[in-house]
Amino acid sequence: MSAPRAYHWLCLTGAVFFEVAGTTLMKASQSWSMAFGAEAGVVIMLLFIGVSYYLLSLSTTALPVGVAFAFWEGVGLAFITLASVFILGEQMSLLRFAALCAVLGGVLLVHHGTSSGNRQQAEPAGVVQPRRGEQS
């Protein structure tokens with residue numbers, strides 16, 4: 001796995017954006033008055049979720065999968081909830097807010113609990129490294 005760069009975090013951010021946009025459009029399209037509005041919303045959602053998964057896969061070429069997935073799901077969930085409150089008119093309760101804080105806290109714990117590239121390369125099978133002070 002290569003070292004994470006800004007590119008990988010940008011892919012992950014894009015993955016979150018498309019996940020949030022697709023999910024929000026799917027719900028919003030249920031009230032579209034044009035012919036086949038709800039169906040169009042589902043098609044757009046499927047396209048956006050597909051792009052989201054593609055960008056998520058690009059991000060995991062350098063980011064640990066657990067960190068990328070936690071970020072994608074946790075931050076995505078937070079933004080989808082905020083979009084549902086501010087765009088779709090859903091209610092935000094104190095319990096819902098506390099749950100979002102817990103999810104985001106979990107994302108941070110997963111991120112900080114995962115070593116970031118400080119792992120040593122595994123030796124090929126059958127290769128024994130000499131101990132300190134021993135001659136090879």
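We're numbering straight along the sequence, starting at 1. In what follows, every heavy atom counts, from backbone to side chain, and hydrogens, waters and symmetry copies are set aside. Remember, predicted model here, so these are calculated numbers, not experimental data.
Between V110 and A70, the shortest heavy-atom contact is CG1-CB, 3.9 Å. Heavy atoms only, all atoms of each residue included: S59 and H8 are closest at CB-O, 3.4 Å. Between E19 and S52, the shortest heavy-atom contact is CB-OG, 3.6 Å. What you find for F71 and V107 is that their closest heavy atoms are CA-CG1, 3.9 Å. When all heavy atoms of C11 and L55 are compared, the pair lying nearest together is O-CB, 3.4 Å. Contact between A40 and M34 at its shortest, heavy atoms only, is CB-CE, 4.0 Å.
Counting only heavy atoms from C-beta outward, the side chains of M92 and L100 approach each other to under 4.5 Å. For the pair L10 and R5, the minimum side-chain heavy-atom distance is 4.5 Å or more.
Under a hydrophobic-cluster definition in which Ile, Leu, Val, Met, Phe, Trp and Tyr are linked whenever side-chain heavy atoms come within less than 4.5 Å, directly or via other members, V42 and I87 are assigned to different clusters. A chain of hydrophobic side-chain contacts below 4.5 Å, direct or via other Ile, Leu, Val, Met, Phe, Trp or Tyr residues, connects M26 to F86. Put simply, L108 and L104 are part of two different groups of oily side chains (I, L, V, M, F, W, Y) that touch within less than 4.5 Å, one to the next. In the hydrophobic clustering of ILVMFWY residues, with side-chain heavy atoms under 4.5 Å counting as a link, F36 and F48 come out apart. Linking ILVMFWY residues whenever their side-chain heavy atoms come closer than 4.5 Å, directly or via other members, leaves V67 and L109 in distinct clusters.
At a cut-off of 3.5 Å, with distance as the only test, a side-chain donor of E90 or S84 sits close to an acceptor on the other residue.
Of the possible donor and acceptor atoms, one in the side chain of T13 sits under 3.5 Å from a partner among the backbone N and O of W9. Remark: the backbone N or O of L58 is paired with a side-chain donor or acceptor of T61 at under 3.5 angstrom. In this structure a side-chain-to-backbone donor-acceptor pair under 3.5 Å is present from R96 to Q91.
When the options V16, L12, V20, I80 are evaluated for a side-chain contact (heavy atoms from CB on, under 4.5 Å) with V75, the one that passes is V16.
Once rounded to the nearest 0.5 Å, the distance linking CG of L77 with OG1 of T81 reads 4.5 Å. In this structure, CG in L82 is found 11.5 Å from CG in L88, a value given to the nearest 0.5 Å.
Aromatic ring centres of W72 and Y53: separated by under 6.0 Å.
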